[in-house]
A.B. asks: 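Before we start, here is the structure in question, set down as structure tokens.
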Amino acid sequence: MTGASPARPAGEPGTAPDAAPDAGPRPAPLLSVRDLRMTFGKRNGVRAVDGVTFDVWPGETLGLVGESGCGKSTTGRMIVRLMEPTGGTVVFAGRDITRLGPRDMRPFRRDIQMIFQDPFASLNPRQTVERIVSGPTRLLDRRGVIELLETVGLGAEHADRYPHEFSGGQAQRIGIARALASRPRLIVCDEPVSALDVSIQAQIVNLLADLQRELDLAYLFIAHDLSVVRHVCDRVAVMYLGRVVEIGSRDAVYNAPAHPYTRALLSAVPVPDPEVELVRERIVLPGDPPSPAAPPPGCSFNPRCAMARDVCRTEAPPLMAHGPGERKVACHFAG
Amino acid sequence: MILRVRDLRVAFPAGTAVDGIGFDLDRGRTLGVVGESGSGKSVSSLAIMGLHREAAVSGSIVFDGEELVGAPASRLRELRGRRIAMIFQDPLSSLHPFYTVGEQIAEAYRLHLRVSRRVARERAVEMLAEVGIPEPRRRAGEHPHRFSGGMRQRVMIAMALSCEPDLLIADEPTTALDVTVQAQILELIRRIQRDRGIAVMMITHDLGVVARVADEVLVMYGGRTVEHAPVREIFRAPRHPYTQGLLASAPRLPAGGAGDSPDPAAGSVAAGGSPDPVAGGVAGPVVKGRLRAIPGSPPSLLAPPPGCRFHPRCARYAAAPDDACVTEAPELRELRELCVLGEVGEVHAGRALRLVGAEGPPAGPVHRTACHLAETRGGSR
Ligand SMILES: Nc1ncnc2c1ncn2[C@@H]1O[C@H](COP(=O)(O)OP(=O)(O)OP(=O)(O)O)[C@@H](O)[C@H]1O
Ligand SMILES: Nc1ncnc2c1ncn2[C@@H]1O[C@H](COP(=O)(O)OP(=O)(O)O)[C@@H](O)[C@H]1O
Ligand code: SF4
Ligand code: SF4
Ligand SMILES: [Mg+2]
Ligand SMILES: [Mg+2]
């Protein structure tokens, strides 16, 4: 989270299968998602994820933001293979894992872990913390579990307790310990702090930042809270209705948003400062986010976009390079 | 003054959820109530609405000159919906799935005002239009499940306002909504408040929402008020270590995208003032990637810590432990201007601006805080 340098080898001896054939001295992405798709339902399917492409580099945090239902969680679940994509590829450490069977997938399951929004729903209420953290395959012995609990700010005294005995913040720490047990290189964090109180959110954000530095983890950080994302991410991807509409370095996206939707999104976020709120310019978008079951033709943002012209109602804009900083934007009239 | 609350207590068999809060609220003004989950925000608002069954409510709630604590249930029913309206976080749970949206608004209206069905239906359509539902006449005939989350909240607001209430209590009305829809709803509440001059009690855990809509702010912790002040004071010169910690731990966007500079708020406070490293300061995040977290977790209602309920997490106490913090509950006390003027050297930009600024002295309550050490050097910021 602290702007980790991307100049690390793509693989660590022993954990990675093989690096990309042409990796050479150039760092390779740890995760490459290409044209990923998920359509729910056979006929008139809901295109929840509609061609998503991005990379995550070793040791970095990529934020994935957007409004409810835009496909963030579905994207995350396909990457950890909780869900089979209906199209596109997921390449991890140079290897296409999209269609690996359970056996071939096993080493990658260790490399890619996930933590969830609702810490309680994701912990088995009938298992002790020790069982939960050591996992179904008993990856760790008791000592290992206790060590890990200490890493996440809990202690040996918590090992024999059950999830209901913990607060939300503590339960999230348990979820993080469980994710760390297999020594992953990438963690998909799906709204890891959204359910927590402000003061506890900060504790978990700090824990994730410390772990990243110590363990050289990469995060795909899914969240709808743009203030938190700005704080933790190196790069940010903004999704709208199943697609990435803007992606780039955090500063490029936050300081000079190029897509009209990104601009509106950022201007809508309330800032905890009454004097700023008083004078701040706000773009209040009309209408609601459309449903992926019936996306508007052309640019799916066009019904809410103040800049929309005829071409926007007929042609979907591709995600294209825009200015410096490896930023890409999907808008016919990107500013 | 439309609402005057004094020493409000709400005790459940399991424990006391609200332990003595008080405030005044005028017409046309918005009180923001902030605090973490379980701090007693909803329990307080339900008490004002007279909606507690198993709880013992004591203290005083005076609405437009009339005492509501101990008032007969029938009287509370009359006021509820008619003069005091409420909207909740989850609009779907307060809408009936079998009736059309128009029927529900009309029914709510007819419950309080003796008008014909036809007049009530017209009123419903009018209200839907007022809250910005497109094609209100057609949409009035639809069932709630056809509406998005934001539109349902608009429907709830239409229903709440149909009888022209004097007080609107909004309990986390935008927490379940997307940020662009939240912006719409906050805008709507503000417009309606301005047009009709109603008083609003806005309950939220989001400091940004408070900064946007509130005139004054009540910060709750463990069922008690820890700080109460005009909104600028809360954000510019928070006095309670909990308020300071909350502000410091909340990540924020830079204002107006002016580069990735340190937070503007941090700048203006730190520049002229005496950042208080002990209290964590309000200077916002310093180390990138890390936030200034408040350690520990909120107190349990069943076994609240003795003395000041915040002491196990308090940086000010940790830096200068004082027995009073663990033995005595601090009272909510007014911060005297004098004590600020006395330390002119420490006066920071925000405060100086307030004293000499064009807008004159701020309206609303005086600045009150509940901390034994509020006036010690380490505490006054
Ligand atoms: N199992 C499913 N069957 C059918 N539709 C689904 C399923 N899972 C998700 N969807 C739909 O796919 C779209 C994307 O859902 P997803 O959960 O990925 O959104 P999200 O961006 O994570 O939203 P949120 O911010 O609310 O978590 C939504 O329209 C959702 O209703
Ligand atoms: N019906 C009830 N019976 C017992 N305890 C309750 C009841 N409703 C709320 N509480 C408790 O009162 C405290 C304050 O709750 P609440 O006002 O809902 O908090 P919030 O500030 O999140 O709105 C919490 O500890 C909660 O568990
Ligand atoms: S392509 Fe057109 S409608 Fe879409 S965001 Fe750009 S200007 Fe707006
Ligand atoms: S009374 Fe003591 S423990 Fe409570 S906030 Fe003040 S210094 Fe901290
Ligand atoms: Mg999701
Ligand atoms: Mg509540």
A.B. asks: What closest approach, in Å, do Thr180(B) and Leu265(A) show between heavy atoms, and which atom pair accounts for it?
C.D. replies: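 Closest approach of Thr180(B) to Leu265(A), heavy atoms only: CG2-CD1, 3.8 Å.
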A.B. asks: How long is the gap from NE2 on His205(B) to CD on Gln201(A), to the nearest 0.5 Å?
C.D. replies: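 Rounded to the nearest 0.5 Å, the NE2-CD separation comes out at 7.5 Å.
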A.B. asks: For the residue pair Ala211(B) and Val271(A), what are the closest heavy atoms and their distance?
C.D. replies: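 For Ala211(B) versus Val271(A), the nearest heavy atoms are CB-O, 3.4 Å.
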A.B. asks: Where is the tightest heavy-atom contact between Asp178(B) and Ser68(A), given as atom of each residue plus distance?
C.D. replies: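 Minimum heavy-atom separation between Asp178(B) and Ser68(A): OD1-N, 2.9 Å.
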A.B. asks: Apply the test side-chain contact (heavy atoms from CB on, under 4.5 Å) to residues Arg252(B) and Val276(A): give CA-CA distance (whole Å), side-chain angles for both, the deciding distance (0.1 Å), then the verdict.
C.D. replies: CA-CA 12 Å; Arg252(B) 58 184 68 182; Val276(A) 170; over 6 Å; no
A.B. asks: Backbone N or O of Leu285(A) within a donor-acceptor pair of the Gln184(B) side chain at under 3.5 Å?
C.D. replies: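 Judged by distance alone, yes, a pair lies under 3.5 Å.
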A.B. asks: Let me see the working for Arg290(B) and Asp210(A) under side-chain contact (heavy atoms from CB on, under 4.5 Å), right down to the final yes or no.
C.D. replies: CA-CA 8 Å; Arg290(B) 288 188 61 92; Asp210(A) 294 345; 2.5 Å; yes
A.B. asks: Check step by step if side-chain contact (heavy atoms from CB on, under 4.5 Å) holds for Val179(B) and His224(A).
C.D. replies: CA-CA 8 Å; Val179(B) 57; His224(A) 64 266; over 6 Å; no
A.B. asks: Check Tyr254(A) against Leu253(B) and note the closest heavy-atom contact, atom names and distance.
C.D. replies: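 Looking at all heavy atoms of both residues, the closest pair is CE2-CD2, 3.4 Å.
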A.B. asks: To the nearest 0.5 Å, tell me how far Glu275(A) CD sits from Arg236(B) CZ.
C.D. replies: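 Answer rounded to 0.5 Å: 4.0 Å.
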A.B. asks: Check Ile234(B), Val210(B), Leu207(B), Asp206(B) against Pro272(A) for a side-chain contact (heavy atoms from CB on, under 4.5 Å) and give me the one that passes.
C.D. replies: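 Per the side-chain contact (heavy atoms from CB on, under 4.5 Å) rule, the option paired with Pro272(A) is Leu207(B), out of Ile234(B), Val210(B), Leu207(B), Asp206(B).
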A.B. asks: Relative to chain B, which segment of Pro286(A) carries a heavy atom at a distance below 4.5 Å: side chain, backbone, both, or neither?
C.D. replies: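 The answer is the backbone of Pro286(A).
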